[in-house]
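Inspection log for the structure reproduced underneath, given as structure tokens.
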4 protein chains.
Amino acid sequence: MSKAPNPARRRESSRRAILAATAELCSQFGYGRLTIEAIAARAGVSKKTIYRWWPSKGAVALDLLDETATVAAAPPDTGDLAADLHSMLTEIIGMLTPPHNAPGPGVIAEALHDPDLARELRERLVRPRIATFRQRLRRAQDAGQLHPDADLDVALDLLYGPLYHRLALHLGMPDPAYLHSLIAHVLRALTPPTSSAPH
Amino acid sequence: MSKAPNPARRRESSRRAILAATAELCSQFGYGRLTIEAIAARAGVSKKTIYRWWPSKGAVALDLLDETATVAAAPPDTGDLAADLHSMLTEIIGMLTPPHNAPGPGVIAEALHDPDLARELRERLVRPRIATFRQRLRRAQDAGQLHPDADLDVALDLLYGPLYHRLALHLGMPDPAYLHSLIAHVLRALTPPTSSAPH
Amino acid sequence: MSKAPNPARRRESSRRAILAATAELCSQFGYGRLTIEAIAARAGVSKKTIYRWWPSKGAVALDLLDETATVAAAPPDTGDLAADLHSMLTEIIGMLTPPHNAPGPGVIAEALHDPDLARELRERLVRPRIATFRQRLRRAQDAGQLHPDADLDVALDLLYGPLYHRLALHLGMPDPAYLHSLIAHVLRALTPPTSSAPH
Amino acid sequence: MSKAPNPARRRESSRRAILAATAELCSQFGYGRLTIEAIAARAGVSKKTIYRWWPSKGAVALDLLDETATVAAAPPDTGDLAADLHSMLTEIIGMLTPPHNAPGPGVIAEALHDPDLARELRERLVRPRIATFRQRLRRAQDAGQLHPDADLDVALDLLYGPLYHRLALHLGMPDPAYLHSLIAHVLRALTPPTSSAPH
DNA sequence: TTGTAAGCGAGACGGTACGTCCGGTCTTCCG
DNA sequence: CGGAAGACCGGACGTACCGTCTCGCTTACAA
């Protein structure tokens with residue numbers, strides 16, 4: 001039987017060193033060349049220590065991503081729905097097209113093989129953002145800006161989907177203009193048809 | 001200088017054996033456990049022969065995918081735009097959630113790291129299907145079923161994007177009902193607003 | 001920079017398993033068919049472990065030879081110089097024409113290409129035996145059995161040389177009679193000329 | 001059944017190109033790095049052509065050695081036995097310590113594993129020289145310069161042996177002075193003891 | 001004089017082993 | 001007694017040569 005390590009005894013300095021080493025190696029050589037061995041060496045840490053607290057390098061990178069990410073706290077509500085969506089999408093775009101060699105795409109790639117990692121990714125990174133998203137959309141719906149029957153799950157797929165699509169095919173993330181067009185189209189799909197008769 | 005091998009001398013039987021072995025191993029153990037070494041052994045082929053004709057296991061899997069895929073020849077045009085989109089999307093969904101352990105997602109994961117593979121993937125698998133797609137949409141546009149200013153690139157992103165989105169996060173491919181809803185929303189975004197009562 | 005492994009942490013059981021496997025494979029298939037890969041497999045050891053401690057298969061075989069060899073401790077001194085030389089040469093002959101497929105000739109062949117291995121061979125196997133040899137000859141010289149000006153280096157060449165000569169050309173090691181004649185000739189070359197006045 | 005190739009149809013230009021390429025590669029990279037593939041490439045020749053006429057790279061090198069070697073025709077007889085032996089030994093020393101990276105030692109090393117090559121080596125390179133050697137010694141014996149019972153086989157071993165001995169252990173070939181001493185010792189072993197005071 | 005059968009270049013092929021890299025586990029010893 | 005250090009087994013990597021095997025093409029002997 002494998003004894004679970006006692007988190008209370010975990011040495012914080014090692015944890016930080018490992019994440020820092022991961023970040024450095026990742027930005028230096030890319031996620032593809034990232035290695036548990038290299039992380040251990042760079043962090044001055046035993047491989048065992050890494051394996052004790054993380055199941056895979058993807059999990060380490062996910063932790064790194066989590067710490068790095070802007071805390072997506074409250075749903076921004078400037079009153080302008082399109083602008084709010086724009087800013088929320090832009091945060092994700094930032095994670096998927098980082099300065100260079102960021103861990104984001106690597107973690108996604110690994111999650112394709114690794115259901116556990118995929119679950120962690122959903123629970124810890126994606127879910128809170130989705131919640132924020134849905135909250136904002138619902139508020140718009142309540143305000144009559146969206147069709148009352150509009151499917152918010154579909155809205156999510158329509159807005160986030162293109163990012164993954166373009167990521168997977170190396171098509172480049174949408175520039176602001178394109179993103180604007182994207183949002184406009186989606187909003188048109190969700191807008192009550194009667195909105196066209198103003199007077 | 002690396003000399004390029006002469007394709008004329010390529011032995012077709014080896015090529016087929018390699019693709020067959022790849023298919024078997026992939027469906028048996030999954031793309032993740034796929035190995036050049038195992039392919040060579042199973043195909044009764046020297047590793048060198050694989051490396052001579054493919055740069056990576058992803059490239060082999062891509063070839064396999066390419067051969068396996070239904071030839072997406074002419075744009076289906078039953079007159080019912082939604083139905084046509086539905087059938088085109090279903091083909092892709094089939095490639096991304098195959099019977100079991102199909103190479104599709106694996107190749108996409110690998111393409112995230114490997115720009116060359118991503119390019120091949122785009123050129124050989126994706127492009128022809130996109131062409132078909134766009135052709136069908138344009139015809140609908142010409143027929144006045146879509147808004148004349150509708151951005152067809154956006155339409156592509158909106159329709160394909162959700163598949164990649166759900167794939168990346170292990171959310172499961174859309175079932176037919178959901179897909180129907182998705183298409184309905186997108187079409188609403190593209191439909192001329194005045195289509196109902198112009199005057 | 002390659003870090004040198006720490007010998008204190010070396011696992012003795014692996015070392016012994018490797019040497020044992022080498023011996024078995026060598027006697028079974030001959031030094032020529034000996035392979036690092038096969039040694040590792042037979043010893044139940046990772047190839048890395050072999051490469052960590054030995055630079056080449058020749059070095060492994062040399063270690064084996066070293067352990068196997070009779071410890072050539074004190075110079076035998078029965079009073080009969082010819083007999084002592086005979087027994088010392090016989091030990092070497094044993095190493096060069098072992099029961100079957102012994103590593104001796106293989107190591108020598110490899111040493112012809114590999115200066116490092118040749119040095120090890122000289123230092124660890126040959127040197128102590130030469131020392132013993134020279135010691136015995138010097139004692140004979142002191143006792144007036146040899147010419148006081150006799151060159152002991154030449155004596156070494158004359159006595160050992162024929163073994164390598166015959167080994168290189170597959171002429172078979174000298175049988176005892178021939179060896180006897182050889183020694184007699186060499187001793188005649190080293191004997192004081194005045195020994196011919198018996199009365 | 002493998003049909004023996006017809007030597008009459010052999011293309012001389014290929015044969016020469018192969019030997020030339022072997023010589024160049026050998027002197028450039030050493031016998032150890034010599035490769036059938038490299039020879040074929042450098043000679044502008046198909047590998048098959050090499051395998052058609054030679055069983056191994058050692059055999060090619062042996063041919064090269066044979067062509068290169070000075071024809072050891074008649075036994076030199078200047079009247080001075082020691083000087084004649086000296087010159088004969090010097091020829092061999094030249095083959096074993098060539099300018100640099102000569103094939104000599106490599107062929108000998110390979111012959112240690114390969115009985116066929118060893119036989120060829122003996123028959124074609126060594127035998128004629130031994131014959132010359134023995135002829136010269138016998139003439140000296142007939143002239144009363146050597147003991148009538150002296151064993152000429154032993155003499156051969158004593159004179160050639162040291163060269164192989166020193167070659168095998170990377171001790172460097174004898175310099176002229178040492179060689180002189182060697183010969184003097186051997187001759188002393190072979191000289192009639194009564195040569196000083198016959199009556 | 002013209003087949004036609006060999007030698008030939010080119011080089012793809014099935015193999016075997018190489019030496020390296022990294023994943024995960026296990027052991028030793030230090031603080 | 002937790003953790004650094006790192007040796008260890010396992011297994012895949014991509015490469016280098018081996019010796020065999022078609023391919024077309026010349027080249028010289030025989031019909």
Side-chain angles (χ1 to χ4, degrees), chain A residues 2 5-6 9-11 13-14 17 33-41 43-53 55-57, chain B residues 2-11 13-15 17 33-41 43-53 55-57, chain C residues 2-3 5-11 13-14 17 33-41 43-53 55-57, chain D residues 2-3 5-11 13-15 17 33-41 43-53 55-57:
Chain A
S2 65
N6 178 353
R9 296 196 166 232
R10 181 167 190 178
R11 191 177 292 179
S13 67
S14 294
R33 305 224 178 285
L34 197 60
T35 284
I36 298 274
E37 299 231 311
I39 296 173
V45 142
S46 149
K47 281 201 288 175
K48 181 87 186 223
T49 299
I50 299 181
Y51 284 114
R52 187 160 18 236
W53 301 111
S56 68
K57 76 164 181 174
Chain B
S2 64
K3 297 203 299 185
N6 179 352
R9 297 194 168 239
R10 183 166 190 178
R11 191 177 295 178
S13 66
S14 295
R15 196 188 131 268
R33 305 223 179 286
L34 197 60
T35 282
I36 297 275
E37 203 125 37
I39 296 174
V45 141
S46 133
K47 281 200 286 176
K48 181 75 192 240
T49 299
I50 299 181
Y51 284 114
R52 184 159 23 231
W53 301 111
S56 68
K57 75 165 180 173
Chain C
S2 64
K3 296 202 299 184
N6 178 354
R9 298 197 165 230
R10 182 166 188 179
R11 191 175 295 178
S13 66
S14 295
R33 306 224 178 284
L34 197 60
T35 282
I36 297 274
E37 204 126 39
I39 296 173
V45 141
S46 132
K47 281 199 287 177
K48 180 79 191 235
T49 299
I50 299 181
Y51 285 113
R52 184 157 25 229
W53 301 110
S56 67
K57 76 166 180 170
Chain D
S2 65
K3 297 201 299 183
N6 177 355
R9 293 195 165 221
R10 183 167 187 177
R11 193 177 293 178
S13 67
S14 295
R15 195 186 131 270
R33 307 223 177 285
L34 196 60
T35 284
I36 297 274
E37 296 231 312
I39 296 173
V45 142
S46 152
K47 284 202 286 176
K48 182 87 188 228
T49 300
I50 299 182
Y51 284 113
R52 182 155 27 228
W53 302 110
S56 69
K57 78 164 180 172

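Values reported hereafter were calculated over all heavy atoms of this structure, with side chains retained and with hydrogens, waters and symmetry mates removed. In what follows, every chain begins at residue 1, and chains take the letters A, B, ... in the order their sequences are listed.
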Considering all heavy atoms, the nearest [X]-[Y] contact:
X: W53(B); Y: N6(B); result: CH2-O, 3.6 Å
X: P5(B); Y: P7(B); result: O-CD, 3.2 Å
X: I36(D); Y: S56(D); result: CD1-C, 4.4 Å
X: A40(D); Y: S46(D); result: CB-C, 4.3 Å
X: L34(D); Y: K57(D); result: O-NZ, 3.2 Å
X: A17(C); Y: A43(C); result: O-CB, 3.5 Å

Nearest-nucleotide check on DNA chain E, A43(B) vs A38(C); residue mapping nearer the 5' end is A43(B)
Angle of first-five versus last-five pair axes in the helix from dG3(E)-dC29(F) to dG31(E)-dC1(F), to 10 degrees: 10°
Kindly check if the number of other-residue, nucleotide or ligand heavy atoms within 6.0 Å of CZ (R33(D)) is above 12? no
If I take atom CD1 in residue I39(C) and atom P in nucleotide dT16(E), what distance separates them, rounded to the nearest angstrom? 18 Å
Mind calculating the distance between NZ (K57(C)) and P (dT16(E)) to the nearest angstrom? 17 Å
Between the protein and nucleotides 10-13 of chain E, list every N/O to N/O distance that falls short of 3.5 Å.
| unit_1 | atom_1 | unit_2 | atom_2 | d |
| --- | --- | --- | --- | --- |
| dA10(E) | N7 | S46(D) | OG | 3.2 |
| dA10(E) | N3 | R9(B) | NH1 | 3.4 |
| dG11(E) | OP2 | K3(B) | NZ | 3.2 |
| dA12(E) | OP1 | N6(B) | N | 3.0 |
| dC13(E) | OP1 | R11(B) | N | 2.8 |
| dC13(E) | OP2 | R52(B) | NE | 3.1 |
| dC13(E) | OP2 | W53(B) | NE1 | 2.6 |

Nearest-nucleotide pick for Y51(A), side chain only, options being dG23(E), dG14(F), dT20(F): dG23(E)
Heavy-atom nearest nucleotide on DNA chain F for I36(B) versus A8(D): which residue maps closer to 5'? I36(B)
What's the spacing between R15(D) CZ and T49(D) OG1 if we round to 0.5 Å? 14.0 Å
